[in-house]
J.: 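Starting off with a structure, shown below.
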Protein chains: 2
Amino acid sequence: MNLTDSINRPTLHEELVERLRNLVVEDVLKPGEKVPEKQLCDSLGVSRTPLREALKVLASEGFVVLQANRGARVASVTRDELENTFPVLATLEQLAGELACQHMDSAEIEQIERRHADMLKAYESHDRQAYFRANQDIHQALIRGARNDILESHHKLLAARVRRARFMANLSDERWAQAIDEHEVMMELLRARDADGLGKSMKLHMMNKLSALVKALEAEDELLS
Amino acid sequence: MNLTDSINRPTLHEELVERLRNLVVEDVLKPGEKVPEKQLCDSLGVSRTPLREALKVLASEGFVVLQANRGARVASVTRDELENTFPVLATLEQLAGELACQHMDSAEIEQIERRHADMLKAYESHDRQAYFRANQDIHQALIRGARNDILESHHKLLAARVRRARFMANLSDERWAQAIDEHEVMMELLRARDADGLGKSMKLHMMNKLSALVKALEAEDELLS
DNA sequence: AAAGTTAATTATGAATTCATTATTCAGTCA
DNA sequence: TGACTGAATAATGAATTCATAATTAACTTT
């Protein structure tokens with residue numbers, strides 16, 4: 001019996017960082033929107049002190065922008081930011097792929113195998129929600145498999161910031177099919193424990209995601225002009 | 001005339017983040033050491049509120065560790081952390097090298113050339129201090145040259161965290177000579193704007209730094225046993 | 001009515017206060 | 001003497017208060 005668990009209540013500000021980050025990532029708080037402290041305090045039932053501490057952390061993570069004496073705004077995901085973030089994410093995933101091939105045991109690989117099957121099923125039944133979940137789980141498992149906390153934390157942060165992009169543009173059928181193909185390749189390379197190959201294909205996968213995203217955003221701009 | 005400059009006084013907590021981070025990176029606050037809030041408040045002349053906000057940020061950056069109701073400790077640089085951080089730094093530098101070749105203009109390259117010359121001079125006169133400064137400037141300029149803010153911020157954070165390592169083990173003459181050679185190669189590749197080559201050599205340079213560091217630390221352990 | 005000016009209101013940055021949890025230390029008992 | 005108990009002290013987490021900057025609203029003035 002673990003007694004520390006019941007005692008290990010996280011501090012208020014830690015919980016708030018989690019909750020607020022989720023509100024931003026899940027697009028409940030919209031980019032550019034002001035974040036009025038008092039209002040949030042009331043709705044969350046906390047005082048300003050821990051909330052402000054949380055906002056400082058969120059700001060250092062890049063989810064909000066602070067202006068002295070003018071409060072916090074939700075950081076907007078500009079195209080420029082996407083185009084800067086994806087290459088960094090891509091190299092991190094490349095490294096993760098290489099390390100994962102070296103460090104994952106077969107039980108872990110089998111687990112990914114199962115999640116991969118889930119993903120295919122979701123694709124066939126056109127269930128975007130389930131697809132996103134399975135896809136995210138697979139990437140996260142590969143990162144975990146790299147056995148590198150530093151890599152994991154930085155990847156997590158960048159992935160969260162970019163995750164909002166899925167609210168900006170919808171996944172096209174064409175890109176969806178391509179992504180599935182890429183995942184098939186990745187699975188094969190993982191099975192073969194081809195470190196270099198998996199790294200490269202994960203990097204490519206990420207950069208293709210960016211291309212598709214940029215294309216989709218441009219298409220949306222066309223509609224508006 | 002820029003009027004915003006005089007007005008743009010950073011908030012207290014931002015200054016504190018900077019100052020405290022420097023105290024950690026410059027090894028004034030030693031790893032494992034407790035960080036008593038009151039004492040720091042007195043010596044810095046601020047109240048606890050902004051100081052605590054700063055500590056939260058430092059914690060999210062990994063420079064201190066917070067324990068609920070037990071305050072903050074300076075994070076210790078374990079060998080494990082070094083071995084995790086350097087590969088990540090190395091891939092980031094690889095990416096930076098590739099992008100720098102594409103984006104830097106010749107004036108910027110010439111500036112690096114000059115700093116490179118400074119570095120060689122410092123090497124010849126065995127001035128470690130000057131060498132570290134020039135070396136750091138060169139790496140930073142290459143990162144800047146990549147024209148990618150996300151890359152830059154993450155690199156900056158990781159670089160600061162391992163910078164403390166130089167207080168842990170001294171640079172051996174052998175490694176110093178090798179590092180100089182590697183820098184020569186890097187300069188040549190930059191002049192030739194060989195993106196792939198520069199990326200790879202920067203990555204290798206970083207990993208060699210890690211090897212040397214680990215070796216030096218093991219040698220120190222020998223002495224203690 | 002529109003632009004500009006000043007006063008009132010609101011929101012934020014920072015200090016202080018309060019409540020709770022750790023830590024220290026004196027005293028007890030084996 | 002040495003381990004345990006519990007009170008006293010100190011440190012931390014969070015709420016509140018205070019001072020100041022920003023925003024809004026009211027009021028001129030043209």
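Each chain gets a letter, A, B and so on, in the order the sequences are listed, and its residues count up from 1.
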J.: What is the distance from NZ of K38(B) to C1' of dT16(C), rounded to the nearest Å?
T.: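 It works out to 13 Å between those atoms.
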J.: Take atom CZ of R70(B) and atom C1' of dT24(C), then tell me their distance rounded to the nearest Å.
T.: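 The distance from CZ of R70(B) to C1' of dT24(C) comes to 14 Å, rounded to the nearest Å.
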J.: To the nearest angstrom, how far is L44(B) atom CG from dA15(C) atom P?
T.: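 Going from L44(B) (CG) to dA15(C) (P), I get 12 Å.
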J.: Output yes when R161(B) and E81(B) qualify as a salt bridge under the 4.0 Å nitrogen-oxygen rule, no when they do not.
T.: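 Between E81(B) and R161(B) there is a salt bridge, with a charged N closer than 4.0 Å to a carboxylate O.
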J.: I need the CD-P distance between E37(A) and dA11(C), as an integer number of Å.
T.: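 Distance, rounded to whole Å: 10 Å.
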J.: Measure CD/Q39(B) against P/dA10(D) and give the value in whole Å, please.
T.: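 Spelled out: CD on Q39(B) to P on dA10(D) is 14 Å.
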J.: Okay, side chain of R19(A), backbone of L44(A): is any donor-acceptor separation there less than 3.5 Å?
T.: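 Side chain of R19(A) to backbone of L44(A): no pair is present.
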J.: So, the side chain of N84(B) versus the backbone of N148(A): is there a donor-acceptor pair under 3.5 Å, distance only?
T.: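 Such a contact is absent between N84(B) side chain and N148(A) backbone.
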J.: Return the 5'-most residue of the pair V46(B), K34(B) with respect to DNA chain C, ranking by each residue's nearest nucleotide.
T.: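 Closer to the 5' end of DNA chain C: V46(B).
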J.: Using atom CG of L40(A) as one end and atom P of dT12(C) as the other, report the distance to the nearest whole Å.
T.: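 So the two atoms are 10 Å apart, to the nearest Å.
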J.: Could you check how far NZ of K56(A) sits from P of dT12(C), rounded to whole Å?
T.: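 In whole Å, dT12(C) P and K56(A) NZ are 10 Å from each other.
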J.: Compare side-chain N and O positions of T49(A) against OP1 and OP2 of dA14(D) and report whether any pair is under 4.0 Å apart.
T.: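 No, T49(A) has no side-chain N/O under 4.0 Å of OP1/OP2 on dA14(D).
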J.: Return the nearest nucleotide to the side chain of N69(B); candidates are dA15(D), dT21(C), dT12(C).
T.: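 Nucleotide nearest to N69(B)'s side chain: dT21(C).
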J.: Hey, do the aromatic rings of H183(A) and H139(A) have their centres closer than 6.0 Å?
T.: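 Yes: the rings meet the under 6.0 Å criterion.
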J.: For the side chain of R48(B), starting at C-beta, report the closest nucleotide among dA15(C), dT17(C), dT23(C).
T.: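 Within the option list, the nearest is dT17(C).
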J.: Return the value, rounded to whole Å, for the distance between atom CD of E53(B) and atom C1' of dT12(C).
T.: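 Distance check: E53(B) CD to dT12(C) C1' gives 11 Å.
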J.: Can you tell me which nucleotide in dA22(C), dA15(D), dA14(C) comes closest to the side chain of L12(B)?
T.: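 Comparing dA22(C), dA15(D), dA14(C) against the side chain of L12(B), the answer is dA14(C).
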